[in-house]
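Remarks on the structure that follows.
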Amino acid sequence: MSFFLSLLFFSFLSLSPQCYGEERKVRIIYMGKHKSGSSALSLPSHLAMLKKVLPSGVSSAETLVYSYGRSKSFKGFAARLTDEEAAKFSEMDDVVSVLPNTKLKLHTTRSWDFLGLTQNRTVGLPAERDVVVGLLDTGIWPESVSFSDFGISSAPSKWKGKCETGGTNFTCNNKIIGARYYNSENEFDPSDVKSPRDTEGHGTHTSSTAAGRPVWDASYFGLAKGVARGAVPEARIAMYKVCWLTGCWSADILAAFDDAIADGVDIISVSLGSDFPLQYFEDPIAIGSFHAMEKGILTSNSAGNSGPFPITVSNYAPWSLTVAASSTDRKFVTKVALGNGNTYIGLSINNFNMGQSVFPLIYGGQAVNVSAGSNELISSYCIDGFMNTEKVEGRLVLCNSVLGEETILNAKGLGIIMSSDDFPDVAFTFMYPALIVSTQDAKEILDYIMSTSNPIAVIEVSDEWLDALAPTVVSFSSRGPNPITPDILKPDLTAPGVDILAAWSPAASPTGFPEDERRVDFNIISGTSMSCPHVSGAAAYVKSVHPTWSPAAIKSALMTTAMPMDPRKNEDAEFAYGSGQINPVQAINPGLVFDASEKDYITFLCKQGYNTTTLRLVTGDNSTICTGIGVGKVWDLNYPSFSLSVPDGGYAYGSFYRTVTNVGLPNSTYQAIVFSPENLKISVQPSILTFSQVGEKKSFVVKVNGGKLFQQPIISACITWFDGKHSVRTPLIVYTTILPFDMSDVDSDALTSLRPNLPLARKKLRIGGN
Ligand SMILES: *[C@@H]1O[C@H](CO)[C@@H](O)[C@H](O)[C@H]1NC(C)=O
Ligand SMILES: *[C@@H]1O[C@H](CO)[C@@H](O)[C@H](O)[C@H]1NC(C)=O
Ligand SMILES: *[C@@H]1O[C@H](CO)[C@@H](O)[C@H](O)[C@H]1NC(C)=O
Ligand SMILES: *[C@@H]1O[C@H](CO)[C@@H](O)[C@H](O)[C@H]1NC(C)=O
Ligand SMILES: *[C@@H]1O[C@H](CO)[C@@H](O)[C@H](O)[C@H]1NC(C)=O
Ligand SMILES: *[C@@H]1O[C@H](CO)[C@@H](O)[C@H](O)[C@H]1NC(C)=O
């Protein structure tokens, strides 16, 4: 109900004033790679390009927002342009794409112990100090204990970044060695601080998850008590604040990539994304991460929080890592005890102790505010403005939705029992005693309320339970298949993203509500935004041990050593978890890697349908030639997984060519072990690979024959190369293609309405992280 209202409200706001001439909007003009050796300053050439297009009287300098190219990796600029001017740029020969400035959304520590990266590990520590993790996020709270630089020497000599303080009290140290901020639309919320300081909490949380220092006795009001720490506690952090309380703009994201590459970061962590699929060179994160890859930097991305629906995965470029979210073995449960002796268990992170007493309990539908035009149905959903506050005050309230947290607070209620089946596997924090129960349990609680003249109840402090099923991919984690390249499996892997304790900004409340006046140094939140920095940290860990490895090699090491997940507990199988849950300790010793260079990705892009003209711009190299554009399949990209999509009723038939590089023992012999269901024939030729030195490469071909395929959601198989010490595991999936509906026909409001309960998920999961 209130969801519907808010949609209407939203469409009013998006009406733009058209009556006073054409509006100038920020657009990104993306011009591909910086040509090597070109020393021409980009700013004058961008101003000259603008001058050619702008009418006389409009200043080029004033319309220019960013001149990209500081990193000498990609070219382009952002400027305020009319539709007509933007169209002129898109017709220019040296322009790859003209993109709107779109708003993207933000999509422990027990989790590291769960992953086996225990604190007493001996490998990696000294080298970690040379690794810089760059995060594109909401900023950082530099005073947090997680970012203490106690005992850490000054920044590595390669570092070219800086600390933009914005004239505020923001400070860097030997832990946070760089911080910058970007806001192309000059759009601020009153609570935003114009500096890299985090007033949202998200960026502080992700940074400390990836590279925070150990903090003993961290907890959320006593819950989740333990050591909070990042994967690489000695590594450096560089924060690029692209997200504000109002959102994250794509022109800023590209500017941050430009700086991060130029500054010398080693790993880029991006816990945000677009809600609908974009082509690779129309997606600022895909563009930025492509040019980062060319400079040897791996980008780790969140897969998105739009699951469990199919084809919802975002950030699916093959040159970056796409991370799903899964559970750890810790689960927060909260009990509500009724006056009739029955107790019900729901999910929430409830630190409020109501003591031994019991409190009056009512049903939202009993607190109808007639003068506000409400009725029993509306009030049962506990919608703000529709409640009779006199009836709510001093009581616990049962609500037919998950929307009532602020409502009941405003009406001076004592606690809330929310009803929903949409959040079976994630617990949220609230401003007062609260929990979410199943709709079936809610029905029984309602029966109790109606059966007695004096219903009473109490909500207890949460318990931490051992979740024996873990890890499972959480329902909100976005699922494959890949919307743009169905034959590249996405997501790549999964990491903990459910109820993660990490550092928080004391400028923000733990729940994100302005009414919440509490402040915490550590908070528990969920999202693929939280799983992504786990993988960024693990990638930094691998990088610290193998500083010369390419982005593809690090990615391969993380994927082929991932712990296999159980398809019986994850019905979407590889579309939920990719290669499985990261295993950072194994990842430093993968045995073999599937390496790939820029050239391999260009061959991939040809097969994806890009032509020579476009790819010459993207590579900045006139010798790039695309033969057979869009023909053949993308199967031969040296990817550490195999995906074969088949039209319904088509033949499941294909050959994949791969090359592995020996990074294990010099003399080693690997044998291919194939696991596959009976209806799928998989051959690997040769099935034995013998190496006599490190760095040696060997090729093989995988042939798949599954006959005619009808309505097959996913067939899971896998190929493991085994030398007695290393298991190099690669999933292989076959499925009948799901036709993605044409997104261009759907406006984004309608799109969000396809996803039930998004308002809560948005607020609580801080989706951007997608
Ligand atoms: C490291 O810690 C883990 C768990 O705390 C323990 O099982 C293991 O024996 C320890 N290893 C060493 C080398 O101390
Ligand atoms: C710095 O300023 C912010 C507000 O901009 C304030 O919340 C914070 O406490 C200040 N920190 C220090 C160390 O003065
Ligand atoms: C009924 O709703 C109106 C409008 O929201 C509000 O002003 C009034 O205080 C409410 N009455 C009660 C008893 O809560
Ligand atoms: C290459 O592709 C671009 C973008 O689709 C298109 O505008 C251009 O005309 C194509 N060039 C050739 C030579 O086909
Ligand atoms: C690439 O080719 C184009 C057109 O033939 C030419 O204008 C340009 O100068 C060449 N660039 C380089 C770097 O050789
Ligand atoms: C590898 O095997 C070759 C031939 O069997 C042998 O000459 C060489 O010493 C071995 N190398 C190592 C490092 O064991």
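Start at 1 and go down the list; that is how both ligands and their atoms are numbered. Values reported hereafter were calculated over all heavy atoms of this structure, with side chains retained and with hydrogens, waters and symmetry mates removed. Residues: numbered from 1 along the sequence shown.
Using a 4.0 Å cut-off between charged nitrogen and carboxylate oxygen, Lys75 and Asp94 do not count as a salt-bridge pair. Taking the charged nitrogens against the carboxylate oxygens, Asp259 and Lys162 have no contact shorter than 4.0 Å, which rules out a salt bridge. Electrostatic pairing of Arg197 and Glu143 counts as a salt bridge here, judged by a charged N lying under 4.0 Å from a carboxylate O. A salt bridge between Arg213 and Glu234 is present, with a side-chain N of the basic residue lying under 4.0 Å from a carboxylate O of the acidic one.
Protein non-hydrogen atoms do not reach within 4.0 Å of atom 7 (O) of ligand 3.
For ligand 2, the atoms lying closer than 4.0 Å to a non-hydrogen atom of Trp141 are 7 (O). With ligand atoms numbered from 1 in the order given, ligand 3 contributes 14 (O) to contacts under 4.0 Å with heavy atoms of Met387. Close contacts of ligand 3 with Ala372, meaning ligand atoms under 4.0 Å from a residue heavy atom, involve 2 (O). Annotation for ligand 3: atoms under 4.0 Å from non-hydrogen atoms of Thr389 are 12 (C), 13 (C), 14 (O).
Environment of CD in Glu515: crowded, with over 12 heavy atoms of neighbouring residues, nucleotides or ligands closer than 6.0 Å. Under a cut-off of 6.0 angstrom, the local environment of NZ in Lys194 is sparse, with at most 12 non-hydrogen atoms contributed by other residues, nucleotides or ligands.
The nearest heavy-atom contact from the protein to atom 4 (C) of ligand 4 is Thr614 OG1, 4.0 Å. Of the protein's non-hydrogen atoms, Asn169 ND2, 1.5 Å is the one closest to atom 1 (C) of ligand 2. For atom 5 (O) of ligand 3, the closest heavy atom belonging to the protein is Gly385 O, 3.2 Å. Counting protein heavy atoms only, atom 13 (C) of ligand 4 is closest to Thr613 OG1, 3.4 Å. Nearest non-hydrogen protein atom to atom 10 (C) of ligand 4 is Asn611 ND2, 2.3 Å.
Not a single heavy atom of Lys391 sits less than 4.0 Å from an atom of ligand 3.
Under the 30°/60° scheme for interplanar angles, the aromatic rings of Tyr181 and Trp244 are found to stand perpendicular. Between Trp319 and Phe290, the ring planes lie perpendicular to each other; the angle is over 60°, past the 30° to 60° tilted range.
The one candidate from Val368, Thr407, Ile378 that meets the side chain to side chain contact (heavy atoms under 4.5 Å, CB included) condition with Met387 is Thr407.
Here's the thing with Glu143: none of its N/O atoms is less than 3.5 angstrom from an N/O atom of ligand 2. Between Asn369 and ligand 3, a contact under 3.5 Å exists for at least one N or O pair. When only interatomic distances are considered, the shortest N/O to N/O separation between Glu390 and ligand 3 does not fall below 3.5 Å.
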